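Quick caveat, the model's predicted, so the values are computed rather than measured. Note that the numbering runs from 1 along the sequence shown for the chain.
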Amino acid sequence: MLCRGVPKDTARFFQVSNSEMVHFLMHNGVYPLYSDGNLFYFRQTPECKELMSVYRQQISKKGGK
């Protein structure tokens, strides 16, 4: 379930505003717990960290963002 607003302890979450990264993470089974407008909060887990790294590598290979 996605909660609206900001988590109390933001240091325990990755903050993602890139909608393409949000979709990539969700497509790979990692979902945000909070949303505050265009900012999504994903729990800091090894799986989430690894997927964010994979996404960045894919983007850099494409010469994108």
Side-chain angles (χ1 to χ4, degrees):
M1 175 167 69
L2 182 65
C3 299
R4 293 186 135 188
V6 178
K8 291 180 182 178
D9 188 4
T10 57
R12 298 177 73 193
F13 291 86
F14 292 118
Q15 299 174 21
V16 181
S17 60
N18 180 324
S19 62
E20 291 179 11
M21 183 184 283
V22 171
H23 288 256
F24 177 83
L25 292 170
M26 291 174 58
H27 180 74
N28 286 284
V30 176
Y31 298 91
L33 296 179
Y34 294 89
S35 172
D36 183 24
N38 292 330
L39 190 59
F40 292 84
Y41 295 86
F42 291 84
R43 186 169 302 212
Q44 289 185 9
T45 63
E47 179 185 13
C48 185
K49 185 175 183 177
E50 177 65 26
L51 284 170
M52 290 173 79
S53 177
V54 168
Y55 174 80
R56 289 184 185 113
Q57 289 173 4
Q58 288 180 359
I59 292 302
S60 66
K61 286 181 183 177
K62 292 179 183 177
K65 305 171 190 171

For P7 and Y34 the tightest heavy-atom approach is CB-CE1, 3.4 Å

Could you pull out the closest heavy-atom pair between C48 and L25, with the gap in Å?
O-CD2, 4.2 Å

Single-linkage hydrophobic cluster F13~L51, side-chain heavy atoms < 4.5 angstrom:
no

Please say whether more than 12 non-hydrogen atoms of neighbouring residues, nucleotides or ligands are located less than 6.0 Å from CG in N38.
no

Does any part of the side chain of N18, heavy atoms only, come nearer than 4.5 Å to the side chain of F24, both counted from C-beta?
no

Treating Ile, Leu, Val, Met, Phe, Trp and Tyr as nodes and any side-chain heavy-atom pair under 4.5 angstrom as an edge, say whether V30 and Y41 lie in one connected cluster.
no

To check you understand the geometry: which heavy-atom pair defines the closest contact between Q44 and F14, and what is its length?
CA-CE1, 3.5 Å

Contact check, side chains of S35 and F40, non-hydrogen atoms, under 4.5 Å:
yes

Just wondering, do Y31 and L2 contact through their side chains at under 4.5 Å, heavy atoms?
no

Indicate the atoms forming the closest heavy-atom contact of V16 with F42, along with that distance.
CG2-CD1, 3.7 Å

Reported NE2-to-NE2 distance for the pair H27 and H23, which is rounded to 0.5 angstrom
12.0 Å

Which atom pair, heavy atoms only, marks the closest approach of E47 to N28?
OE2-O, 4.1 Å

Joint hydrophobic cluster, M26 plus V54, side-chain heavy atoms closer than 4.5 Å
yes

Would you kindly confirm whether L33 and L39 end up in one hydrophobic cluster when ILVMFWY residues are joined by side chain heavy atoms under 4.5 Å apart?
yes

